[in-house]
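To start, the structure under review is shown below, and the notes come after it.
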Amino acid sequence: MSERYNIRETETLWRKRWDESGAFNVKEDNAKQKYYVLEMFPYPSGRIHVGHVRNYTLGDVVARYKTAKGFNVLHPMGWDAFGLPAENAAIERGEHPAKWTLANIESMRAQLQSMGLSIDWSREFATCTPEYYRHEQRMFLKFLEKGIAYRKESMVNWDPVDHTVLANEQVIDGCGWRTGAPVERRKLNQWFLKITDYADELLECLEKLDRWPEKVRLMQSNWIGKSQGLQFKWSITGRDEQIEVFTTRPDTLFGASFVALSPDHPLAAKLAGDKDGFAAFIKQCQAGGTSEAAIEQAEKIGFDTGYKATHPLLGREVPVYIANFILMDYGTGAIFGVPAHDQRDLDFANKYALSVRPVVLPEGGIEITKEAYSGPGKLANSEFLDGLEVETAKAEIIRRCEENNTGFGTTQFRLRDWGISRQRYWGCPIPIIYCDSCGALPVPEDQLPVTLPEDISFDKPGNPLEHHPTWKNTNCPKCSKPARRETDTFDTFFESSWYQFRYCDPKNEVLPADKAKTNYWMPVEQYIGGVEHAVLHLLYARFFTKAMRDCGFVDCDEPFLGLFTQGMVTHETYQDENGKWIYPTEAVKNEQGQYVHTETGKPVKIGPSIKMSKSKKNVIDPEEILNTYGADAARLFILSDSPPERDLEWTESGIEGAWRFVNKVHSVISALDAATPAKPDKFSSQAQDLRRLTHKTIKAVGEDIEAFAMNKAVARLREFFNGINAFHTEDDGDAFALHEAAEAFITMINPVMPHLAEQLWAQRGHKTMLVEQPWPPLDETLLVADTVTIGVQVNGKVRATITLPAGASQKEAEEKALAEEGVQRAIGEQQVRKVIVVPGRIVNVVVG
RNA sequence: GCGCCCGUGGCGGAAUGGUAGACGCUGCGGACUUAAAAUCCGUUGACCUUAGGUCGUGGGGGUUCAAGUCCCCCCGGGCGCACCA
């Protein structure tokens, strides 16, 4: 009979059993259909946060459900173990990054394991080990061979105090996030991956990713930024050089009032290098960093070269400027300005008193002062284009330029090549050797992997590898003379770009992964993670997959067939009477129902539920939750209420409600008779009702999980439980129905509350574990009820409900509906014009 | 500025165009208890004095026998992108 449910003991017991039996360890099996479910792997910060709990619970529900549905499910876990925090810990506490990282992995693994996830831990790896990153070095060299990797000079954010490159997101208000020093723009030799070669494929394949959120596909599409237009040349009066520009609005050529070059354009210095004020102008352009925000705030400034440019079709000269808002990385690094139809050009023209010539006129004409017109209209003041619509004019002018050989129609992308060099220690070494005579050479195959030196010092700013006394010294593989190693390491997004393949064959010493294995497991059917990686990681991983494919490593085009992006976890915020943020654990309700501080007893101000953050202290510690309420309650709560794609509000009452349910399920289900009764020929009506509920729930829960509507699945299960709890057995049929319901219930709560489910399953005398138990079979014939209760409307308003036999005719329904007292009252003196009967749904009496 | 998403009880949220508010949280009432906690039972959209009715899915219009759901306009909130030529 029901005894008190010992959560801690029971949960530990079942985790041990799963572990000992290797319940979640899988291998390729061609007889079974595979299903690969993957959650974004964590950075080993040392402690899991609630976001992890949500992420991995969602994945585990899918994994356990798909396993029960008969799939061969791969559900692995690993560690995204390279990255800055380890170096910061080394600087702050003098602890070696490797030691710090490995210790963090140990504690985080224990925390994750206490969630009871159905993970194949035998496949675990950490990306910071040579066993993992050696394959990256091989891939990189193969990329180099194939022209996918290359080296070039580029502009970067440079922190003058730390002597290191900063990513755009590490620049805050033009200053380094750690040092606070104003960031400089610097030209640096960096390694790049030619993601732009894949721009078209990356864009086109987005259409096929129909199990991705529309939002993410759109973000990637915007990021890739394909645009079509005309690339054509202007002559410079009195010089031989030509200026090539790209435009998406070739139709506005006759509205041109200037040509502008990027300050980084090779022609800029040629045309203006000897002019007064040029050096100062360039310096001004370089100040202020390269972050989007910094660029946006910058005022448009230009430098008049004094030269004029012409185009054969235009027949007049326009001035040539150098302007700070022209990007060298996009298009050709030069433009022609049409102030009337481009806001930036108009701002620039107004500042330098350049002419404004409208050439596209909407109905009724326009006057341009401060706002450019970019809408539709007919061309004017444009000679042979006059009267044409914008699109026709574009085509026409491209045709003319191609005819006179000054230009051609082309496509440009916003996407830029991926700069992968980082001046860091804690990353994968880039396997390159620099020789004064032979240049940059790949590290020979037999010298791979290039491993990080263990004796490393962080006492100087800048790249520790650069400062290492001996590590970078080596000999040229070609001429054997002394040479230097590349001291930069890969961007840590490198590791996460291919880890999905590595799980398929995590111990392979020769290859990233064996093709036979990746061909079996890949692609990932269901990927789950935060939306913050919509363009970064998710785009890199897609690109990497294609690059690996083209280098013969894999036969896969897209890594993730299905993607689910979960919402954030939020919590109320609390402030004490001085406005200081306090932790949720420091606020308690007093007898009057007001929140007060646990120590001072003074009132606490409650703020809105917002994303958990350390600065606002509105965080909860998953370990504490797992210890107090158990994994099942934590999992249940995190799946309840909120749809997974939306933000989830963490509340104490919510987790307590979940905990209550766990205990109640245990006491109620434990108390049921465990014996398996024989199936009788006849069932009482209450038994039929229960069986219908059972099979309705089997259908609904399956559909909900497939649709990621975990909150609905939980609601169905609770409803089902309420039905079981209210049931009183009176005959053999009832016993059978209850037995059927109980076993189905236990099987279906398994994805959500696996420990409790196993415990109840065992208590019912089963010798096999629930992890081997298939999803309960659905009997569709039991879904149909003998009677249906439907609403009766009069002019669309519900006035009564009637209960009819399942196969009742329309006439019966109509008669019964009209016989209802409430219906008659609503009809009153009015004339019945029409009666609409939708069988099994509604009766609507139209009067008036 | 452009694009996308979302507005339903005190709260989180359900609802193939067909009985709005499933399921839960909170609150309230009761049982049990010396008492409390736990547990159990009942109740919980607003308004009208009850039978019963009226109003209710951000606001306004429309389509329909029937609209939270479809269409148009507006308001509010959130997210993404943004000198990309």
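Sequence lines set the chain letters: A, B, ... in the order given, protein chains first and strands last, and positions in each chain run from 1. Computed from heavy atoms alone, side chains included, the values below leave out hydrogens, waters and symmetry copies.
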* Of all of residues 701-713 of chain A, which get a heavy atom below 4.0 angstrom from RNA chain B, listed by number? -> A/Asn711, A/Lys712
* To do: Apply salt bridge (charged side-chain N to carboxylate O under 4.0 Å, His left out) to A/Glu815 and A/Lys811, showing your working.
  => CA-CA 6 Å; A/Glu815 277 167 8; A/Lys811 193 158 169 268; 3.5 Å; yes
* Please work out if A/Arg217 contacts a base, only the sugar-phosphate, or nothing of the nucleic acid, heavy-atom cut-off 4.0 Å. => nothing
* OP1, OP2 of B/C55 versus side-chain N and O of A/Lys797: anything below 4.0 Å? -> yes
* Asked: With A/Glu391, which residues qualify under salt bridge (Lys or Arg N to Asp or Glu O under 4.0 Å), at least two apart?
  -> A/Lys394
* Asked: Centroid-to-centroid, A/Trp418 to A/Tyr540, below 6.0 Å?
  -> yes
* With the side chain of A/Leu327 defined as its heavy atoms from C-beta on, choose the nearest nucleotide among B/A85, B/G12, B/G18. => B/A85
* Asked: In terms of side-chain heavy atoms of A/Asn324, which of B/U54, B/A82, B/C83 is nearest?
  -> B/C83
* Please work out if A/Leu717 contacts a base, only the sugar-phosphate, or nothing of the nucleic acid, heavy-atom cut-off 4.0 Å. => nothing
* **Sorted by number, the residues of residues 826-836 of chain A with heavy-atom contact under 4.0 Å to RNA chain B** => A/Ile836
* **5' priority, RNA chain B, between A/Gly791 and A/Ser262 [closest heavy atom]** => A/Gly791
* **Letter per nucleotide, 5' to 3', of nucleotides 41-51 of chain B [B base touched, S only sugar-phosphate touched, - untouched; heavy atoms, 4.0 Å]** => -----------
* Quick one: which of B/C83, B/G80, B/A85 gets closest to the side chain of A/Tyr330? -> B/A85
* For residues A/Phe721 and A/Phe745, establish whether the separation of their ring centroids is below 6.0 Å. => yes
* To do: Answer with yes or no after comparing the ring centroid distance for A/Tyr352 and A/Tyr321 against a 6.0 Å cut-off, counting only values under it.
  => yes
* Indicate, with yes or no, if the rings of A/Phe637 and A/Trp650 have centres closer together than 6.0 Å. => yes
* Short side-chain N/O contact from A/Thr332 to OP1 or OP2 of B/A85, under 4.0 Å -> no
* To do: Tell me whether the OP1 or OP2 atom of B/G53 has a side-chain N or O from A/Arg825 closer than 4.0 Å.
  => yes
* In terms of the angle between their ring planes, are A/His533 and A/His537 parallel, tilted or perpendicular, with boundaries placed at 30° and 60°? -> perpendicular
* Structure fact -> Winner on side-chain proximity to A/Lys300, out of B/U54, B/U19, B/C83, is B/C83
* Step by step, would you call A/Phe336 with A/Phe258 a ring-ring contact (aromatic ring centres under 6.0 Å, His included)? -> CA-CA 6 Å; A/Phe336 72 92; A/Phe258 63 95; 9.0 Å; no
* Asked: Can you tell which of B/A66, B/C83, B/U19 lies closest to the side chain of A/Phe325?
  -> B/C83
* Asked: B/C65 and B/G60: how far apart are their P atoms, nearest whole angstrom?
  -> 23 Å
* Asked: With a 3.5 Å cut-off and just heavy-atom distances, do the side chain of A/Asn222 and the base of B/C81 make a donor-acceptor pair?
  -> no
* Asked: Any side-chain N or O of A/Arg414 under 4.0 Å from OP1/OP2 of B/C81?
  -> no
* Which way is the base of B/G24 turned, syn or anti, if we draw the line at 90° from 0? -> anti
* Structure fact -> Of A/Met219 and A/Pro643, the one whose closest nucleotide on RNA chain B sits nearer the 5' end is A/Pro643
* To do: Return the set of residues passing side-chain contact (heavy atoms from CB on, under 4.5 Å) with A/Thr787 (not counting sequence neighbours), or none when no residue passes.
  => A/Thr803
* Within the structure shown, what part of the strands sits under 4.0 Å from A/Val798 by heavy-atom distance: base, sugar-phosphate, or nothing? -> sugar-phosphate
* Can you check each nucleotide of nucleotides 23-29 of chain B against protein heavy atoms at under 4.0 Å and return B for base, S for sugar-phosphate only, - for none, in 5' to 3' order? => SSSS---
* Taking atom P in both B/C83 and B/G77, what distance in whole Å separates the two? -> 25 Å
